[in-house]
Every structure is written in C-alpha cells, then in structure tokens.
Amino acid sequence: QVLDSAAGRGVAGPHGRWDTTTFQEGHVLELHRAERASTLATGLATLLAEPLADAFAADVVAVPAKGVERWLRQRLSLSLGAAGASDGIAANIDFPSPGRLVDDVLAVVTGVDADSDPWAAGPLLWTVLRVIDECSTEPWCSVLSRSIGGAAAAPDDHRRGRRWSTASHVSGLFRSYAAQRPSMIVDWAAGADTDGAGAPLAPDLLWQAELWRRVRERIGVPGPAERLDPVCEALAADGSVLDLPARLSLFGATRLTTLQRRVLRAVADHRDVHLWLPHPSPVSWAAASRRAGTGSVRRADAPPVSTA
C-alpha cells in the first residue's frame with residue numbers, strides 16, 4: 001500500500017537515476033525508488049552529507065539485515081569522510097532494523113517495552129496455550145479441538161502432542177494479524193467477526209476471533225493493534241516525545257507491515273522520513289501506484305499487473 005500519491009521527480013546520479021515521491025507537505029515523507037541499490041546508496045549519501053543541526057545527534061538509517069548494514073556502511077564511507085573525502089569513514093550513524101525502530105517508538109509513546117509486553121511472542125504463546133486447554137471442550141472451539149484431540153482424547157492419542165505446536169502457530173497468527181491487519185483485530189475486540197477488509201469471517205475461521213477475545217480477556221491490556229490509533233494520534237499531536245533526529249531513513253526494506261507504515265507516517269508529521277526502496281520494474285511499480293488509492297485488497301482480488 002502506498003500511503004498517499006503525489007507528483008514524483010527523477011534525480012540523476014553517477015550510479016544511475018532514482019525517482020522520488022513526496023507524500024506529505026511540511027515535514028516530509030519521501031519515497032525514493034531505483035532499480036539498483038547502489039543508486040539508492042548514492043542518494044542516501046547525498047542526503048546524509050548535509051549535517052544535522054545537532055552535531056552530536058546520530059543519523060538513523062534502518063536496514064533489514066546486518067549484511068545490508070555492512071555493505072551500506074562501506075558505500076557511505078566512500079562519500080562521507082572528512083570534508084567529503086573518500087577516506088573510508090562513515091561515523092555517527094545508527095542502523096537499527098525497521099522493526100526495532102518502530103518498536104522503540106511504540107514503547108516510548110505507550111510506556112510498554114517490547115521485551116516486557118504481555119503480547120510479545122513468548123508470553124503470548126503461554127497465554128494461548130492455557131486458554132486453548134481451558135476452552136477445548138466448548139462448542140465454538142470444536143475445529144481446534146479436533147486437531148489437538150481435546151479433553152476427551154485417549155492418553156495415547158497422537159494428537160495430544162500437537163498442543164504446543166498448535167499454540168505456537170496460533171500465537172504467531174495473532175501477532176501477524178496485529179501487524180498486517182490491525183483493523184481486523186480492532187473489529188474482533190469490538191465483537192465483530194470480520195476479515196478486516198469488510199467481509200465476514202468464513203465459518204471455519206470463527207473460532208480464531210473468539211479465541212483471540214478469550215486471550216485478550218486473560219491478558220487484560222490492549223494489544224498492539226488496539227494501541228495503534230492512540231499512538232498515531234499522540235505522535236501527530238506531539239513529536240517531541242521521541243528521542244530521534246530531525247530526519248530518518250529506511251533503506252532496502254522489502255516489506256513493511258501495516259502497523260509499521262502507519263507509525264512511520266505519524267512520525268513523519270514532525271520529522272523527515274525517507275524510504276529508499278529498490279524495485280526492478282518501473283512498469284510494475286507504476287501499476288501498483290495506480291492501485292494505491294483503492295485501500296486494502298485481498299490478494300485473490302488484486303488485478304494482474306499489465307505490461308502493455
């Protein structure tokens with residue numbers, strides 16, 4: 001999903017051309033796209049060559065992997081040395097992952113640290129396991145109960161060994177739903193069994209919504225999807241709560257969740273946020289841009305990309 005479309009512009013560099021699209025006025029959310037990562041690295045170096053107002057503040061460039069960090073640091077060191085010399089130095093730059101960057105923003109605004117959050121992977125798994133054991137005999141849980149055997153299963157029933165793996169899979173689904181389909185989780189919390197795109201859940205999936213509500217009741221505090229709207233509103237109202245520099249960059253991200261995109265857009269209300277995205281096909285990119293304003297679309301319903 002593209003956040004907001006706006007007129008793009010092309011920038012030529014020594015390693016090729018990259019396209020820049022501005023999504024917000026005032027403070028900037030800009031998307032830079034090129035077919036080669038080296039071209040984007042050149043553009044990022046041009047941006048970072050302009051020092052921040054605070055000489056002691058570190059630039060923040062989020063990267064998807066340590067290998068990307070090492071490569072990018074080496075590329076930047078050819079441009080960001082003393083007085084712009086190619087002396088092999090690129091200092092005072094932090095390289096968190098996009099997930100860690102967004103988690104830190106959420107922790108500051110909500111006061112809930114990612115490592116102690118009851119909705120984190122480890123605590124959520126144990127809570128889901130306890131709730132499954134308590135509810136396996138209830139009619140709404142019959143689909144799940146058949147998979148794990150339930151309370152009526154014989155002691156030697158092989159399905160009993162699936163409890164842990166099933167709870168792990170279900171808790172992973174709940175965390176993925178919160179990140180990818182927060183609107184669906186908000187609907188579930190309100191008692192509406194929807195798929196987050198305006199359609200009701202299939203009958204064989206209704207147990208997931210009820211199980212999530214039981215887990216939410218057991219945990220007793222809002223989950224990440226429920227916190228998202230208040231967090232974005234708080235960030236839009238006051239960006240000074242974040243200890244971040246005046247500009248941020250995300251380089252080479254191949255995927256951003258709905259939750260991450262919304263938080264980054266809220267951050268961009270008070271800071272310049274730059275997304276540096278490699279994409280090999282201008283035709284495919286243009287087709288995706290034309291569909292940007294249609295909202296959430298199920299993959300099965302998305303029209304094919306035309307190369308005509």
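The local environment of NE2 in H169 is sparse, with at most 12 non-hydrogen atoms from other residues, nucleotides or ligands closer than 6.0 Å. In W140, the CH2 atom is crowded: over 12 heavy atoms of neighbouring residues, nucleotides or ligands sit closer than 6.0 Å. Other residues, nucleotides and ligands place no more than 12 heavy atoms under 6.0 Å from the CG atom of D243.
Under a hydrophobic clustering in which Ile, Leu, Val, Met, Phe, Trp and Tyr are joined whenever their side-chain heavy atoms come within less than 4.5 Å, directly or via other members, V143 and V128 fall into the same cluster. In the hydrophobic clustering of this structure, V112 does not group with W126; members are Ile, Leu, Val, Met, Phe, Trp, Tyr whose side-chain heavy atoms approach within less than 4.5 Å, directly or through other members. Linking ILVMFWY residues whenever their side-chain heavy atoms come closer than 4.5 Å, directly or via other members, places F174 and L206 in the same cluster. Note on L250 and L242: same hydrophobic cluster, where clusters join Ile, Leu, Val, Met, Phe, Trp and Tyr whose side-chain heavy atoms are under 4.5 Å apart, directly or indirectly. In the hydrophobic clustering of ILVMFWY residues, with side-chain heavy atoms under 4.5 Å counting as a link, L205 and V186 come out apart.
Across all their heavy atoms, A114 and A120 have their closest contact at O-CB, 3.7 Å. The two atoms that bring S249 and L47 nearest to each other are OG-CD2, 3.7 Å, heavy atoms only. In terms of heavy-atom proximity, C141 sits nearest to S136 at SG-CA, 4.1 Å. Minimum heavy-atom separation, S38 to R75: CB-NH2, 3.6 Å. Taking each heavy atom of C135 and R214 in turn, the nearest pair found is SG-NH1, 3.4 Å. Minimum interatomic distance between A41 and W71 (heavy atoms only, all atoms of both residues): CB-CH2, 4.0 Å.
Using cut-offs of 30° and 60° on the angle between ring planes, the pair H32 and H274 is parallel.
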(request) Kindly indicate, with the supporting measurements, whether the criterion side chain to side chain contact (heavy atoms under 4.5 Å, CB included) is fulfilled by L129 and R163. (result) CA-CA 7 Å; L129 182 60; R163 289 174 54 256; 3.8 Å; yes

(request) Report the C-alpha separation of Q180 and R255 in whole Å, then their side-chain angles, then the decisive distance to 0.1 Å, and conclude whether the side chain to side chain contact (heavy atoms under 4.5 Å, CB included) test is met. (result) CA-CA 11 Å; Q180 304 288 354; R255 183 179 183 86; 3.4 Å; yes

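Side chains of S116 and D113 form a contact here, defined as non-hydrogen atoms less than 4.5 Å apart. Side-chain contact between R162 and S147 is present, with at least one heavy-atom pair separated by less than 4.5 Å. Inter-residue side-chain proximity for S168 and L125 is flagged as met; some heavy-atom pair is nearer than 4.5 Å. W276 is not listed as a side-chain neighbour of T39, based on a closest heavy-atom distance of 4.5 Å or more. Counting only heavy atoms from C-beta outward, the side chains of L48 and R247 approach each other to under 4.5 Å. With a 4.5 Å cut-off on side-chain heavy atoms, R218 and R130 count as touching. E35 places none of its side-chain heavy atoms less than 4.5 Å from the side chain of P278. The side-chain heavy atoms of D193 and P200, taken from C-beta on, include no pair separated by under 4.5 Å.
Remark: L201 CG to D195 CG distance equals 6.5 Å, nearest 0.5 Å. Rounded to the nearest 0.5 Å, atoms CD1 (I185) and OG (S176) are 9.5 Å apart. With rounding to the nearest 0.5 Å, the separation of CZ in R181 from OG1 in T257 is 13.5 Å. Atom-to-atom distance recorded for L235:CG and R271:CZ is 8.5 Å, nearest 0.5 angstrom. The line from CG of D269 to CG of L29 is 9.5 Å long, rounded to the nearest 0.5 Å.
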Could you go through residues 93-105 and list every donor-acceptor pair under 3.5 Å that involves a side-chain atom there, pairing it with any protein atom two or more places apart or in another chain?
| from | atom 1 | to | atom 2 | distance (Å) |
| --- | --- | --- | --- | --- |
| S97 | OG | R100 | N | 3.0 |
| R100 | NH1 | D104 | OD1 | 3.4 |

Counting only pairs under 3.5 Å, give me each side-chain donor-acceptor contact of residues 61-68, with atom names and distances, residues two or more places apart or in other chains.
| from | atom 1 | to | atom 2 | distance (Å) |
| --- | --- | --- | --- | --- |
| K66 | NZ | E69 | OE1 | 3.2 |

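Paired with P118 under the rule side chain to side chain contact (heavy atoms under 4.5 Å, CB included), one option of V215, I219, L124, T127 passes, and it is I219. Across N92, L76, L52, L248, a single residue satisfies side chain to side chain contact (heavy atoms under 4.5 Å, CB included) together with D59, and that is L52.
Applying the salt bridge (charged side-chain N to carboxylate O under 4.0 Å, His left out) rule to pairs touching residues 220-236 yields D117-R227, R216-E226, D229-R262, sequence neighbours excluded.
The six-membered or imidazole ring of W212 lies away from that of W207, with a centre-to-centre distance of 6.0 Å or more. Between Y177 and W188, the distance from one ring center to the other falls under 6.0 angstrom.
Under the 3.5 Å distance criterion, the side-chain polar atoms of T110 are matched with a main-chain donor or acceptor of L106.
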